[in-house]
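Below: one structure, written as structure tokens.
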Amino acid sequence: MEVKNILVSEAYTNCYLVKNEKTNEGFIVDPGDAAFKIAGHINTMQMKPKAILLTHGHYDHIGAAKELKDKYDIDIYCSNEEVDLLADPRVNLSNWFGANMTLKADHTLSDGQEIEIAGIKMKFILTPGHTKGSGCYYVEDENILFSGDTLFCMSRGRTDFPGGSEREILDSIRNKLLTLPGNTTVFPGHNEETSIEYERRFY
């Protein structure tokens, strides 16, 4: 499995392109902006996108989702609890950027739900705290976690946005993420990658 990180948006968001090297199919995680730039990297990787996975619905993680969905004719996935946020520009923060964007997911996921996209099996882990419906995608076979804005390297996502909760994000980190194997590589929504073993010392 190949993972490529592309920095997008004014908030320096990590968008990830994930490719099954056996089939050249893959998926996009958190396309926050710069659809043209993302598409260029997809072409370079010779990847055929099959889906867009959202860790949560803030504008800096969804800004290019609709354009890429239309370009590649692919579906968007997010948590059940994030549907209302995606539909409200005030809550998804797109009005901060003058975009007033709304988005509708094609598939919604529940906590612990297992899915397979592009031949890659993963589990959705609901991790409320940054938003009510924030979630992570755990690829157990590859020891990889896409943590969105729940867990960063030596830090965590903000909780002062609508639906945020410091208590909930700490509970999500301690009881859902740090219980994963220590050798799990964490690909966060912002900043550099880290590991579960490394992050355990901070919580």
Side-chain angles (χ1 to χ4, degrees), residues 4-17 27-42 51-72 74-109 124-137 146-173 177 186-194:
K4 184 173 184 61
N5 177 19
I6 306 167
L7 199 62
V8 300
S9 93
E10 298 175 27
Y12 301 103
T13 302
N14 293 324
C15 168
Y16 296 103
L17 303 180
F27 53 85
I28 306 164
V29 180
D30 289 351
D33 194 10
F36 182 79
K37 177 180 179 180
I38 294 170
H41 284 283
I42 288 172
I52 294 170
L53 307 185
L54 304 179
T55 61
H56 64 291
H58 282 157
Y59 182 65
D60 61 315
H61 290 253
I62 69 169
K66 188 176 188 309
E67 186 173 348
L68 292 169
K69 170 185 168 61
D70 293 343
K71 177 178 178 62
Y72 295 108
I74 54 179
D75 288 349
I76 297 173
Y77 291 71
C78 77
S79 76
N80 293 321
E81 288 77 4
E82 206 72 345
V83 170
D84 291 342
L85 183 146
L86 286 171
D88 190 338
R90 298 168 300 173
V91 184
N92 67 35
L93 309 182
S94 61
N95 63 348
W96 287 25
F97 298 86
N100 290 315
M101 179 181 181
T102 62
L103 190 66
K104 184 176 181 180
D106 300 287
H107 305 277
T108 59
L109 305 171
F124 178 76
I125 305 172
L126 182 66
T127 54
H130 180 62
T131 67
K132 180 180 178 182
S134 285
C136 305
Y137 297 90
F146 298 98
S147 64
D149 284 5
T150 298
L151 181 63
F152 300 148
C153 182
M154 298 186 290
S155 186
R156 56 186 178 272
R158 292 173 59 171
T159 57
D160 57 337
F161 295 131
S165 167
E166 185 72 6
R167 179 189 61 80
E168 287 187 334
I169 200 170
L170 286 173
D171 180 70
S172 293
I173 292 170
L177 300 187
V186 178
F187 291 100
H190 301 274
N191 305 327
E192 66 271 25
E193 67 184 67
T194 183

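All of these numbers come straight from a predicted model, not from anything done at the bench.
The two residues His56 and Thr131 come nearest to each other via the heavy atoms CB-OG1, 3.8 Å. Taking every heavy atom of both residues into account, Ser94 and Met101 meet most closely at OG-N, 2.8 Å. Of all the heavy atoms in Phe152 and Gly189, the pair that sits closest is CE2-N, 4.2 Å. Closest of all the heavy-atom pairs between Ala64 and Ala34 is CB-N, 4.3 Å. In this structure, Pro162 and Val91 approach most closely via the heavy-atom pair CB-CG1, 3.9 Å. Nearest heavy atom pair, residue Pro128 against residue Ser172, reads O-OG, 2.7 Å.
Counting heavy atoms from C-beta on, the side chains of Leu103 and Asn92 never come closer than 4.5 Å. You'll find the side chain of Ile28 reaches within 4.5 Å of the side chain of Cys15, heavy atoms only. In this structure, the side chains of Phe161 and Leu85 stay at 4.5 Å or more apart for every pair of heavy atoms. Side-chain contact between Thr55 and Val29 is present, with at least one heavy-atom pair separated by less than 4.5 Å.
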Take Leu86 and Thr102, measure what side-chain contact (heavy atoms from CB on, under 4.5 Å) needs, and give me the verdict at the end. CA-CA 6 Å; Leu86 286 171; Thr102 62; over 6 Å; no

Given the rule in the side-chain contact (heavy atoms from CB on, under 4.5 Å) test, do Leu93 and Asp60 qualify, once you have shown the distances and angles that lead to the verdict? CA-CA 8 Å; Leu93 309 182; Asp60 61 315; 5.6 Å; no

Would you check, one step at a time, whether the test side-chain contact (heavy atoms from CB on, under 4.5 Å) holds for Ile38 with Leu17? CA-CA 8 Å; Ile38 294 170; Leu17 303 180; 3.9 Å; yes

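For Lys132, the NZ atom counts as loosely surrounded, since its 6.0 Å shell holds 12 or fewer non-hydrogen atoms of other residues, nucleotides or ligands. Residue Glu10 places its CD atom among 12 or fewer non-hydrogen atoms of other residues, nucleotides or ligands, all under 6.0 Å distant. Atom NZ of Lys71 has 12 or fewer heavy atoms from other residues, nucleotides or ligands within 6.0 Å.
Remark: Thr150 OG1 to Arg156 CZ distance equals 11.5 Å, nearest 0.5 Å. The CD atom of Glu192 sits 6.0 Å away from atom CE of Met154, with the distance rounded to the nearest 0.5 Å. In this structure, the separation between NZ on Lys4 and CG on Asn14 is 12.5 Å, given to the nearest 0.5 Å. In this structure, CZ on Arg158 lies 11.5 Å from CD1 on Ile169, to the nearest 0.5 angstrom. To the nearest 0.5 angstrom, Thr13 atom OG1 is 7.0 Å from Asp149 atom CG. To the nearest 0.5 Å, atoms OH (Tyr59) and CG (Asn100) are separated by 9.5 Å.
Of the possible donor and acceptor atoms, one in the side chain of Asp88 sits under 3.5 Å from a partner among the backbone N and O of Arg90. The backbone N or O of Gly57 sits less than 3.5 Å from a side-chain atom of Glu82, completing a donor-acceptor pair. The main-chain N or O of Gly133 is found under 3.5 Å from a side-chain atom of Ser79 such that the two form a donor-acceptor pair.
Ring planes of His58 and His130: perpendicular class, angle over 60° (limits at 30 and 60°). Aromatic ring orientation, Phe146 versus Tyr16: tilted (interplanar angle from 30° to 60°).
Residues meeting the salt bridge (Lys or Arg N to Asp or Glu O under 4.0 Å) test with Asp171, sequence neighbours left out: none. Listed by chain and residue number, nothing satisfies the salt bridge (Lys or Arg N to Asp or Glu O under 4.0 Å) test with Asp84 (two or more places apart in sequence, or in another chain).
Of the N and O atoms on the side chains of Ser9 and Asp33, not one donor lies less than 3.5 Å from an acceptor on the other residue.
Of the candidates Ile74, Asp70, Asp75, Ile74 is the only one forming a side-chain contact (heavy atoms from CB on, under 4.5 Å) with Tyr72.
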